[in-house]
Visitor: 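If you scroll down you'll find the structure; I have some questions about it.
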Amino acid sequence: GAGVSQSPRYKVAKRGQDVALRCDPISGHVSLFWYQQALGQGPEFLTYFQNEAQLDKSGLPSDRFFAERPEGSVSTLKIQRTQQEDSAVYLCASSLGAGRETQYFGPGTRLLVL
Amino acid sequence: GIQVEQSPPDLILQEGANSTLRCNFSDSVNNLQWFHQNPWGQLINLFYIPSGTKQNGRLSATTVATERYSLLYISSSQTTDSGVYFCAGTTSGTYKYIFGTGTRLKVLA
């Protein structure tokens with residue numbers, strides 16, 4: 001079946017613009033994670049959803065970052081008033097059960113803020 | 001917070017060689033996983049291995065949770081094994097996965 005998909009794959013934003021990044025998890029997967037990966041670094045946890053409930057948002061770096069998963073499937077990560085330090089690859093992952101098992105990653109969205 | 005150190009940081013192998021990658025945790029972790037990030041950036045799950053040993057083809061992994069480490073073995077390496085290998089785990093009661101520093105592997109033909 002289809003894997004995790006993300007869109008857009010690339011996004012260039014001017015500083016101060018708002019952006020929205022989309023994640024389509026594997027159908028039926030309960031858990032959804034967002035990560036931020038800076039160049040040459042490992043992924044860093046941003047937030048976790050179990051169905052539509054956001055159970056952990058401790059990794060969101062500021063109140064400019066907001067994530068939602070209103071119907072328990074597709075998720076959107078929104079960044080308001082983008083800044084240059086937001087430039088990174090944003091990865092989405094899903095897993096079948098309650099977050100403590102194999103994660104399947106999407107291809108990522110590469111965000112460049114100028 | 002928990003620290004996850006991986007060693008070696010960089011590794012160059014000739015095709016056909018074997019290698020062992022190590023992941024050390026500063027505190028107890030749960031839900032340990034190993035991932036391979038290929039040169040195009042795609043992260044592929046290799047093992048979900050909170051404890052014990054698993055094998056999948058040329059790859060195997062062992063986690064000794066009580067001693068806070070995990071090992072990934074790659075046998076008969078191929079050029080397609082090149083990329084970065086990450087381990088990741090959660091601390092008790094959380095869903096927040098902490099990723100290690102990574103091992104960058106290059107396999108030469």
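Every chain is numbered from 1 and lettered A, B, ... according to where its sequence line falls, protein lines coming before strand lines. All of these numbers come straight from a predicted model, not from anything done at the bench.
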Visitor: Measure the spacing between NZ of A:K57 and NZ of B:K96 and express it to the nearest 0.5 Å.
Guide: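 Separation between the atoms: 14.0 Å.
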Visitor: Hey, does B:I98 have a side-chain heavy atom less than 4.5 Å from the side chain of A:F45?
Guide: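 Of all side-chain heavy-atom pairs linking B:I98 with A:F45, none is under 4.5 Å.
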Visitor: Please check if the distance between the ring centroids of A:F105 and B:F35 is under 6.0 Å.
Guide: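 So the answer is yes for these two rings.
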Visitor: Just wondering, more than 12 heavy atoms not from A:R64 lying within 6.0 Å of its CZ?
Guide: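 Yes, the 6.0 Å shell around CZ holds more than 12 heavy atoms from other groups.
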Visitor: To the nearest 0.5 Å, tell me how far A:L55 CG sits from B:T94 OG1.
Guide: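 These two atoms lie 11.5 Å from each other.
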Visitor: Applying the 4.5 Å side-chain criterion to the ILVMFWY set and letting contacts propagate, would B:L21 and B:L59 be lumped into a single cluster?
Guide: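 Hydrophobic grouping puts B:L21 with B:L59.
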Visitor: So, do A:Q103 and B:Y48 sit near enough that their side-chain heavy atoms are less than 4.5 Å apart?
Guide: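 Sidechains of B:Y48 and A:Q103: no contact.
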Visitor: Tell me if the CG atom of A:L114 is crowded by more than 12 foreign heavy atoms within 6.0 Å.
Guide: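 Yes, because the 6.0 Å sphere around CG of A:L114 holds more than 12 heavy atoms from other groups.
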Visitor: So, taking the atom named CG in A:L91 and the one named CD in B:Q37, what distance separates them when rounded to the nearest 0.5 Å?
Guide: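 So the gap between those two atoms works out to 7.0 Å.
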Visitor: Any chain of hydrophobic side-chain contacts (each under 4.5 Å) joining A:Y90 to A:F66?
Guide: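 In one cluster: no.
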Visitor: Got a second to check how far B:Y95's OH is from A:S58's OG, nearest 0.5 Å?
Guide: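 So the gap between those two atoms works out to 13.0 Å.
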Visitor: Hydrophobic clusters here meaning ILVMFWY residues chained together by side-chain heavy-atom distances under 4.5 Å, can you tell me if B:W34 and B:F25 are in one?
Guide: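 B:W34 and B:F25: one cluster.
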Visitor: Name the region of A:L46, side chain, backbone, both or neither, that has any atom closer than 4.5 Å to a heavy atom of chain B.
Guide: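 For A:L46, there is no contact with chain B at all, as no heavy atom is under 4.5 Å.
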Visitor: Does some side-chain heavy atom of A:E101 sit less than 4.5 Å from a side-chain heavy atom of B:Q33?
Guide: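 Counting from C-beta outward, B:Q33 and A:E101 never come under 4.5 Å.
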Visitor: With only heavy atoms counted, which part of A:Q37 is less than 4.5 Å from chain B, the side chain, the backbone, both or neither?
Guide: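 Side chain of A:Q37 only, per the 4.5 Å heavy-atom cut-off to chain B.
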Visitor: Quick check: are there more than 12 heavy atoms from other residues, nucleotides or ligands sitting under 6.0 Å from CD of A:E44?
Guide: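 Incorrect, the count does not exceed 12.
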Visitor: Count the heavy atoms of every other residue, nucleotide or ligand shown that sit under 6.0 Å from CZ of A:R110, and state whether that count exceeds 12.
Guide: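 Count not over threshold, so no.
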Visitor: Using a cut-off of 6.0 Å, state whether more than 12 heavy atoms not belonging to B:Q14 lie near its atom CD.
Guide: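 Counting neighbours around CD of B:Q14, more than 12 heavy atoms of other residues, nucleotides or ligands fall under 6.0 Å, so yes.
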Visitor: So, do A:Y35 and B:F99 have ring centers that fall under 6.0 Å from each other?
Guide: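 Here the rings of B:F99 and A:Y35 have centres that are less than 6.0 Å from each other.
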